Amino acid sequence: MARIFVPQETRPGEHRVAATPETVKKMIASGLEVEVQRGAGTVAGFSDAAYEAVGATLVTSAPAAAASADIVARVAAPSDAEAASLKEGAVLFALLDPFRNLGLVRKLAEHRVTAFAMELVPRTTRAQAMDVLSSQASVAGYKAVLLAAGRLGKHFPQMMTAAGTVQPARVVVLGAGVAGLQALATAKRLGAVVEVSDVRAAVKEQVESLGGRFIDLPEMPTAEGAGGYAKEVTREYLDKQREILTARLAHADVVISTAQVPGKKAPVLVTRAMVEAMKAGSVVVDLAASTGGNCELTRADEEVVHHGVLVLGPSNLAATVAGDASLLYARNVYNLLQLLWKNKELAVPLEDEVVAGTLLTHAGEVKAPAIAALLTDTAVRA
Ligand code: NAD
């Protein structure tokens, strides 16, 4: 018998929960014992009673439950103290943000925790059901548009009224990955005119099929890297891109920026001068805020007003749609867990490419090659 513990998240503003009554029920049916901290799902809309009704045991003390659990499922990374409270050999699932949490990675390895960084799930067809970056980016892309609509002094759709016609909002989406495409679809549903920019020319068709207009950029044949992600572009290319975008942004009412390059600082696509060329009253929602921002003026989780333009940099928008974001995240975790929990045995099949790709630390070692290399670099420089 193995026991899984689902704590209440401790990071401020983190309203999601890593398991829902739906996934807890399945875990129990597969032979796991499940402990849920009281109140863990409340803000996301999952009551203690709902967990209890599917067979979970409610616990009050997180440190005690974490210390004896074989598996701990979280959304955000644990604090150092929470990581230290895990027992040796315990399995941890969380968004560990390993590129920026090297200290925590070291600690997890030292404590011999088998830690899975949910953001490292490979972008393969087989791993789609476990892909939290996709599930959460989709939620964030949707909410970004609603956030902008709520702050814009303008309708999204065209309106024909007795007092005359008002024009639809013009939205520019930067980055046509999962979040950007969802932002495009949401803005279209609200009736806006949407333009989209991305360095990967391959997304043009997807943008057009969702009713967006693709902003053509100069040819850059190697923009697509491994797993369909973008590669970092050159400085000259960025300059050219900004020149083209300046003209588009000057007509925009809303900019939703989502451009990111895994493991790197987000590209600055909207400079201060570009914001100054925008219309007063327009709104920028920068979803790349937590990796440095696509807009030069973005400050994570703060509101900046510059020349009448509102720049928002919400770093954890998915947590503001906590119910559905949790529902999807919990399914992703459950699907990954199934690779480790077979025939009522907990094992780490290192030969499985999804397990190997997501595994951050195991048996005292840092397994993810990119993170291990970063740690060595940091140690050499220290
Ligand atoms: P992401 O969050 O890393 O980046 C968002 C977007 O920003 C990407 O489309 C990227 O091309 C773009 N971008 C990067 N630099 C830019 C720049 N300078 N200017 C404009 N745009 C820039 O990406 P993501 O949403 O996580 O996913 C990207 C792609 O990965 C998807 O579109 C898809 O092809 C692939 N993917 C595959 C799977 C799968 O197979 N399981 C799942 C999800 C995503």
Side-chain angles (χ1 to χ4, degrees), residues 95 97 99 117-142 144 172-185 195-210 212 214-246 248-249 255-271 274 285-296 315-318 328 331-332 335-336 353-354 357-358 370:
L95 283 162
D97 199 2
F99 287 103
M118 295 304 292
E119 51 275 88
L120 297 182
V121 168
R123 256 55 208 290
T124 58
T125 308
R126 180 171 161 250
Q128 264 175 0
M130 306 153 206
D131 185 352
V132 298
L133 284 190
S134 286
S135 70
Q136 305 304 296
S138 185
V139 175
Y142 158 81
V172 173
V173 177
L174 303 176
V178 179
L181 291 174
Q182 189 57 249
L184 158 61
E195 294 186 299
V196 182
S197 171
D198 199 296
V199 283
R200 294 178 303 126
V203 295
K204 181 173 179 165
E205 234 171 83
Q206 292 175 55
V207 167
E208 288 174 349
S209 74
L210 288 168
F214 192 71
I215 302 172
D216 283 310
L217 293 175
E219 198 62 38
M220 201 189 63
T222 54
E224 189 148 328
Y229 282 123
K231 278 190 187 165
E232 211 173 13
V233 296
T234 60
R235 204 192 156 78
E236 296 72 44
Y237 187 90
L238 258 184
D239 286 345
K240 188 79 205 142
Q241 185 181 6
R242 287 182 191 144
E243 199 182 306
I244 294 169
L245 290 180
T246 301
R248 308 315 314 153
L249 263 48
V255 176
I256 309 283
S257 73
T258 73
Q260 306 208 49
V261 179
K264 302 261 187 280
K265 193 182 166 301
V268 175
L269 303 179
V270 184
T271 60
M274 288 163 81
V285 180
D286 189 346
L287 287 187
S290 60
T291 52
N294 291 140
C295 174
E296 204 178 349
S315 64
N316 191 8
L317 215 40
L328 300 172
R331 285 180 191 162
N332 295 147
N335 291 332
L336 184 59
E353 58 184 19
V354 178
T358 314

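Residue numbers count from 1 along this sequence. Indexing begins at 1, ligand by ligand and atom by atom, following the structure's order. All values reported here derive from a predicted model rather than from experimental measurement.
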In Å and rounded to the nearest 0.5 Å, what is the [atom1] to [atom2] distance from [X] to [Y]?
X      : Y      : atom1 : atom2 : result
Ile244 : Leu249 : CD1   : CG    : 12.5 Å
Leu184 : Gln206 : CG    : CD    : 10.0 Å
Thr358 : Met130 : OG1   : CE    : 8.0 Å

* Quick one: list whatever passes side-chain hydrogen bond (donor to acceptor under 3.5 Å, both in side chains) with Glu195, sequence neighbours left out. =>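 side-chain hydrogen bond (donor to acceptor under 3.5 Å, both in side chains) check on Glu195 returns Arg213, Arg248.
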* To do: Mark up the atoms of ligand 1 that fall under 4.0 Å of a heavy atom belonging to Ala176, in ascending order.
  =>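 Near Ala176, the atoms of ligand 1 are 9 (O).
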* To do: Please could you name the atoms of ligand 1 that Gln241 approaches to less than 4.0 Å, counting only its heavy atoms?
  =>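 Result: 17 (C), 18 (N), 19 (N), 20 (C).
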* Counting only N and O atoms by type, is there a donor-acceptor contact under 3.5 Å from the side chain of Arg242 to the main-chain atoms of Val268? ->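 Side chain of Arg242 to backbone of Val268, a donor-acceptor pair under 3.5 Å: yes, one is there.
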* To do: Please answer whether the main-chain N or O of Leu174 pairs with a side-chain N or O of Asp198 as donor and acceptor at a distance below 3.5 Å.
  =>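 No.
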* Non-hydrogen atoms of Leu174 versus ligand 1: any pair closer than 4.0 Å? ->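 Under 4.0 Å: no for Leu174.
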* Asked: Closer than 4.0 angstrom: is that true for some heavy atom of Ser134 and an atom of ligand 1?
  ->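 Contact check Ser134 vs ligand 1: positive.
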* Asked: So is there a nitrogen or oxygen of Leu238 less than 3.5 Å from a nitrogen or oxygen in ligand 1?
  ->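 No, since none of the N or O atoms of Leu238 sits under 3.5 Å from an N or O of ligand 1.
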* Should one rank Arg200, Gln260, Arg123, Gln136 by closest heavy-atom distance to atom 11 (O) of ligand 1, which comes out on top? ->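 Closest candidate by heavy-atom distance is Arg200.
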* **The one among Ala259, Ala127, Ala129, Ala137 that brings a heavy atom closest to atom 13 (N) of ligand 1** =>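 Selected option, by shortest heavy-atom distance: Ala259.
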Under 4.0 Å, heavy-atom basis, I'd like to know which part of [X] is in contact with ligand 1: side chain, backbone, both or neither.
X      : result
Thr124 : backbone
Leu133 : neither
Leu181 : neither

* Pairwise side-chain hydrogen bond (donor to acceptor under 3.5 Å, both in side chains) hits with a residue in residues 255-266, at least two apart ->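 Every side-chain hydrogen bond (donor to acceptor under 3.5 Å, both in side chains) pair that includes a residue of residues 255-266, provided the two are not neighbours, is Ser257-Asp286, Ser257-Asn294, Gln260-Thr291.
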